[in-house]
Amino acid sequence: MAPRSTSRPDLCAVLFLFVLGHQTLAQIVNLEVKDGNSTCIKAELSAQIAVVYSVTNGTRTASMPLPASTTVGSDSSCGGSSGTPWLMASFGDGHSLSLGFSSNGSLYRVENITVVYNLSDTSNFPASSSKDRVTVMTAHTGILARMNTTYKCESNSTVILSGGGVNVSFSNMRIEAYMLGSEFSVNETVCTADQTATTTSVPKTSAVTTPPTPTVPGTPEQGKYNVTNSNGSVCLLAYMGLQLNITLSSSQNKTVQEIINLQPNLTKSTGLCEVNSSTLFLTSDRTNLTFFFSLNVTKYHLSGISVRAILPDMKDPFATSNVSLDYLRGTLGRSYMCNAEQTLLVDKSFSLNTFHVQVQPFRVNGGQFENAEDCHLDEDNMLIPIIVGAALAGLVLIVLIAYLIGRKRSHAGYQTI
Ligand SMILES: *[C@@H]1O[C@H](CO)[C@@H](O)[C@H](O)[C@H]1NC(C)=O
Ligand SMILES: *[C@@H]1O[C@H](CO)[C@@H](O)[C@H](O)[C@H]1NC(C)=O
Ligand SMILES: *[C@@H]1O[C@H](CO)[C@@H](O)[C@H](O)[C@H]1NC(C)=O
Ligand SMILES: *[C@@H]1O[C@H](CO)[C@@H](O)[C@H](O)[C@H]1NC(C)=O
Ligand SMILES: *[C@@H]1O[C@H](CO)[C@@H](O)[C@H](O)[C@H]1NC(C)=O
Ligand SMILES: *[C@@H]1O[C@H](CO)[C@@H](O)[C@H](O)[C@H]1NC(C)=O
Ligand SMILES: *[C@@H]1O[C@H](CO)[C@@H](O)[C@H](O)[C@H]1NC(C)=O
Ligand SMILES: *[C@@H]1O[C@H](CO)[C@@H](O)[C@H](O)[C@H]1NC(C)=O
Ligand SMILES: *[C@@H]1O[C@H](CO)[C@@H](O)[C@H](O)[C@H]1NC(C)=O
Ligand SMILES: *[C@@H]1O[C@H](CO)[C@@H](O)[C@H](O)[C@H]1NC(C)=O
Ligand SMILES: *[C@@H]1O[C@H](CO)[C@@H](O)[C@H](O)[C@H]1NC(C)=O
Ligand SMILES: *[C@@H]1O[C@H](CO)[C@@H](O)[C@H](O)[C@H]1NC(C)=O
């Protein structure tokens with residue numbers, strides 16, 4: 001009895017490992033989009049697509065790696081004179097993963113990612129209650145590179161589509177669009193995750209002697225940043241005071257904290273304005289900050305922050321990013337305003353403190369902010385003076401009534417005497 005009961009978990013473990021191995025072993029696939037003889041997009045990547053789908057008694061998750069048999073789909077195009085480059089990777093029984101590119105002349109980016117999955121494919125979606133073909137997309141990808149360079153990202157990066165129902169995890173990625181030749185450019189734009197992975201942000205030994213509590217440099221000055229589009233008009237406005245809060249833990253169990261105020265007069269703003277997304281780069285000698293804004297029909301929000309900073313105590317730059325954030329929510333045609341201090345948590349090592357914020361990341365007209373929507377923090381702050389004022393008015397009224405009653409009584413008293 002005993003030997004049988006121990007052999008079963010072994011078998012389960014073997015089966016489990018087999019299934020796990022089968023699912024995570026994403027192949028590196030090579031794809032190329034051409035217009036006549038000239039190549040415009042080239043990609044070499046592994047991708048794993050996870051889809052949550054419905055079965056009769058609940059939901060299941062299907063995990064589909066891009067197989068070696070992936071082909072360049074018929075919707076792919078170099079964009080011609082007016083359109084935009086589009087890479088469609090077709091695989092399996094009617095599934096596809098597509099990347100749409102855009103550029104402003106000095107940078108290019110993956111503007112959006114679309115996944116089409118076919119629920120009637122029973123090998124990937126067993127017992128699915130629907131047989132439909134489903135299309136989901138995201139306008140926020142975090143894939144951005146300098147023109148005439150190859151975007152390189154070996155790290156695993158996950159893009160979430162359609163409110164979390166579909167995830168695409170890329171790894172070992174090399175991609176280039178708007179190509180000049182038929183080979184990848186030698187010059188590369190390395191993704192932030194790879195930069196973090198190689199530097200791993202461990203302070204060098206001298207950092208151990210610095211006190212763990214930093215001198216906090218006071219409230220940062222408000223910077224007035226803007227982005228202009230190709231025809232020279234302002235398309236994004238961001239007025240804000242910014243303070244970086246970097247927390248590093250060294251192997252010696254010490255945490256080192258750096259609080260850095262961004263100095264507006266030493267910071268340059270550039271960026272990109274697209275239909276459904278916009279990007280603000282704030283560059284200075286020691287810090288580079290990127291803000292990604294997303295627009296969904298009429299609502300916008302800050303969906304990603306990426307940072308790279310040179311710290312005095314460290315030999316390697318600190319870098320991190322998070323592209324699934326949801327801060328500074330506003331409505332199209334209005335600006336977002338928050339005078340109160342806010343802390344935007346990016347990850348456990350980095351947060352951004354903001355002061356006196358007014359932003360309008362989409363459709364700025366005539367270089368000016370439109371009507372502001374106040375954050376709830378400001379409304380809360382407004383509430384205190386209102387309550388105090390009301391209380392004071394009430395007190396004055398009570399004193400006045402008491403005085404009048406008192407006067408009437410004493411008056412009456414005199415009359416009876
Ligand atoms: C493509 O290249 C081939 C051979 O190099 C050449 O014969 C052909 O004319 C080229 N086609 C175009 C559209 O340039
Ligand atoms: C749904 O049904 C399948 C097979 O009928 C079963 O294996 C699974 O445990 C069920 N799931 C739930 C959540 O009841
Ligand atoms: C996706 O991006 C491409 C390239 O910029 C653009 O042409 C297309 O309109 C975008 N699609 C959506 C639905 O935003
Ligand atoms: C990319 O290369 C082309 C051709 O050499 C050049 O015209 C263009 O200015 C370059 N773009 C950038 C941003 O370097
Ligand atoms: C990549 O990340 C996704 C989501 O975090 C995870 O499910 C997957 O196992 C990771 N793949 C590798 C190779 O680390
Ligand atoms: C790489 O970039 C440098 C600096 O931007 C430039 O001078 C050089 O020509 C580029 N090399 C190639 C092969 O494009
Ligand atoms: C910086 O971040 C740390 C850890 O999250 C927090 O304890 C500390 O209060 C923050 N400091 C400032 C000035 O925001
Ligand atoms: C680090 O701190 C943990 C818990 O505070 C402790 O258990 C551990 O021994 C410490 N390690 C070193 C190297 O001091
Ligand atoms: C930038 O502003 C700070 C504080 O406002 C000031 O001390 C510094 O001199 C200014 N630097 C330059 C280059 O203008
Ligand atoms: C910031 O970006 C610029 C341009 O991409 C680069 O030259 C500079 O080294 C970067 N600074 C840091 C601290 O990474
Ligand atoms: C856009 O907003 C609608 C309504 O709030 C929501 O159902 C939808 O999932 C959102 N789309 C994206 C891509 O976030
Ligand atoms: C945009 O920024 C530039 C450079 O900082 C500045 O000269 C210009 O006045 C700004 N425009 C607006 C509308 O804020």
Side-chain angles (χ1 to χ4, degrees), residues 38-40 85 101-109 144-151 176-189 201 211-250 254-273 278 280-284 305 307 309 311 318 320 322 335 340-355 357-370:
S38 65
T39 303
C40 60
F101 293 85
S102 65
S103 161
N104 72 344
S106 59
L107 296 159
Y108 67 94
R109 63 186 289 161
L144 179 80
R146 291 190 306 282
M147 208 66 175
N148 300 344
T149 68
T150 303
Y151 176 83
E176 186 170 1
Y178 304 96
M179 294 179 73
L180 300 170
S182 61
E183 297 304 323
F184 279 119
S185 293
V186 184
N187 284 347
E188 289 175 338
T189 299
S201 306
T213 43
T215 50
V216 177
T219 306
E221 200 186 318
Q222 189 193 45
K224 299 191 170 175
Y225 309 111
N226 68 54
V227 175
T228 50
N229 57 23
S230 48
N231 66 21
S233 57
V234 172
C235 57
L236 179 153
L237 279 171
Y239 290 6
M240 50 197 178
L242 296 171
Q243 186 176 68
L244 285 66
N245 182 352
I246 300 169
T247 308
L248 300 168
S249 34
S250 70
K254 285 215 161 80
T255 48
V256 178
Q257 216 174 77
E258 298 278 353
I259 309 289
I260 303 165
N261 282 354
L262 218 63
Q263 277 182 276
N265 57 0
L266 304 175
T267 304
K268 218 175 129 252
S269 64
T270 53
L272 279 171
C273 293
S278 55
L280 170 68
F281 302 106
L282 296 181
T283 51
S284 64
I305 294 177
V307 65
L311 302 178
F318 167 81
T320 191
N322 185 339
S335 58
E341 177 183 355
Q342 288 191 93
T343 298
L344 314 183
L345 191 66
V346 175
D347 66 14
K348 64 180 195 307
S349 64
F350 180 67
S351 60
L352 190 66
N353 297 328
T354 64
F355 302 79
V357 174
Q358 186 168 12
V359 295
Q360 191 170 334
F362 295 95
R363 317 237 182 116
V364 173
N365 282 317
Q368 283 182 334
F369 283 115
E370 282 172 279

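Whatever order the structure lists them in is the order used to number ligands and atoms, beginning at 1.
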Problem - Subset of ligand 12 atoms that lie under 4.0 Å from at least one heavy atom of G367 - result: 13 (C)
Practice task
Output the list of atoms in ligand 12 that are nearer than 4.0 Å to some heavy atom of N226, sorted by atom number.
Solution key: 1 (C), 2 (O), 3 (C), 8 (C), 10 (C), 11 (N), 12 (C), 14 (O)
Problem - Polar atom proximity, N353 to ligand 7 (N or O, under 3.5 Å) - result: yes
Problem - Heteroatom proximity flag, N245 to ligand 7, N/O under 3.5 Å - result: yes
Please enumerate all residues that pass side chain to side chain donor-acceptor pair (under 3.5 Å) together with [X], with sequence neighbours excluded.
X: E176; value: T150, S185
X: S230; value: none
X: T354; value: none

Would a 4.5 Å heavy-atom cut-off, applied to side chains only, mark [X] and [Y] as touching?
X: Q243; Y: F355; answer: yes
X: T267; Y: T283; answer: no
X: L272; Y: R109; answer: yes
X: I260; Y: L311; answer: yes
X: Y239; Y: V359; answer: no

Practice task
Give a yes/no on ligand 7: does K348 have at least one heavy atom closer than 4.0 angstrom to it?
Solution key: no
Problem - Aromatic ring pairing F101/Y178, orientation class (parallel under 30°, perpendicular over 60°, tilted between) - result: perpendicular
Practice task
Return yes or no for this condition: an N or O of K224 is under 3.5 Å from an N or O of ligand 12.
Solution key: no
Exercise for the section: State the atoms of ligand 7, each with its element, that fall below the 4.0 Å cut-off from a heavy-atom position in I259. Expected result: 11 (N), 12 (C), 13 (C)
Problem - Verdict with supporting geometry, V364 and F369, side-chain contact (heavy atoms from CB on, under 4.5 Å) - result: CA-CA 7 Å; V364 173; F369 283 115; over 6 Å; no
Exercise for the section: Using a 4.0 Å heavy-atom threshold (strictly under), name the region of T343 that reaches ligand 7: side chain, backbone, both or neither. Expected result: neither
Protein N/O near ligand 4 N/O, under 3.5 Å, which pairs?
residue  : atom   : partner : partner atom : Å
ligand 4 : 2 (O)  : N148    : OD1          : 3.3
ligand 4 : 2 (O)  : N148    : ND2          : 2.2
ligand 4 : 11 (N) : N148    : ND2          : 3.0
ligand 4 : 14 (O) : N148    : ND2          : 3.4

